[in-house]
**Q** 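Just passing along the structure, written as structure tokens.
Counting begins at 1 with the first residue of the sequence. Keep in mind the model is a prediction, meaning the values are calculated, not measured.
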Amino acid sequence: SIISTMTRSEIESKLRALMKSVSQDKKIEWDSVKDTTPINALGIDSLAILDLLYDIQQAFDLNFELEELAGIKTVGDLLTWLEQRVKTEV
């Protein structure tokens, strides 16, 4: 699929747009968000995270269970997990 050929930076760009759209905090400077930034510091609460995960499933044509994301805390964690999922999805 076209999704599986995406580069990390393309995946990151798409992921950041999705995160920005579900964030409750409109004052975040998204240009200063790094891989080490905790997801919960981005105005993404427990309800918004569900919206984000749904949006990720739609945008990247993936199916996954919430439990797969149990250890994910930072933007970089999520990006690395997503990149691996995108590459292995057929």
**Q** Test of understanding: with side chain to side chain contact (heavy atoms under 4.5 Å, CB included), list the residues that count as partners of Lys34, not counting sequence neighbours.
**A** Thr36, Thr37

**Q** Looking only at atom types and distance, does a side-chain atom of Ser23 sit under 3.5 Å from a main-chain N or O of Met19, one as donor and one as acceptor?
**A** no

**Q** Test of understanding: with side chain to side chain donor-acceptor pair (under 3.5 Å), list the residues that count as partners of Thr74, not counting sequence neighbours.
**A** Asp77

**Q** Quick one: closest heavy-atom pair of Leu15 and Leu82, and the distance?
**A** CD1-CD2, 4.1 Å

**Q** Measuring from Leu62:CG to Phe64:CZ, what's the distance to the nearest 0.5 Å?
**A** 6.5 Å

**Q** Find out whether Phe60 and Leu18 are in side-chain contact, i.e. whether some heavy atom of one side chain is under 4.5 Å from a heavy atom of the other.
**A** yes

**Q** Run the ring pair (Phe, Tyr, Trp, His ring centres under 6.0 Å) test against Tyr54 and tell me which residues pass, sequence neighbours left out.
**A** none

**Q** Could you list all the salt bridge (charged side-chain N to carboxylate O under 4.0 Å, His left out) pairs where at least one residue sits in residues 7-18, not counting sequence neighbours?
**A** Arg8-Asp35, Arg8-Glu83, Glu12-Arg16

**Q** Working to the nearest 0.5 Å, report the span between CG of Asp51 and OG of Ser46.
**A** 10.5 Å

**Q** Specify the closest pair of heavy atoms between Ser21 and Asp55, including all atoms of both residues, with the distance to one decimal.
**A** OG-OD2, 4.2 Å

**Q** Quick one: list whatever passes side chain to side chain contact (heavy atoms under 4.5 Å, CB included) with Leu66, sequence neighbours left out.
**A** Leu50, Leu53

**Q** Among pairs that include at least one residue of residues 64-75, which meet salt bridge (charged side-chain N to carboxylate O under 4.0 Å, His left out), considering only residues two or more places apart or in two chains?
**A** Glu68-Arg85

**Q** For a 4.5 angstrom cut-off between non-hydrogen side-chain atoms, does Ile56 reach Leu52?
**A** yes

**Q** Drop me the distance from Asp45's CG to Asn40's CG, to the nearest 0.5 angstrom.
**A** 10.0 Å

**Q** So do Asp25 and Leu42 actually touch side chain to side chain, heavy atoms under 4.5 Å?
**A** no

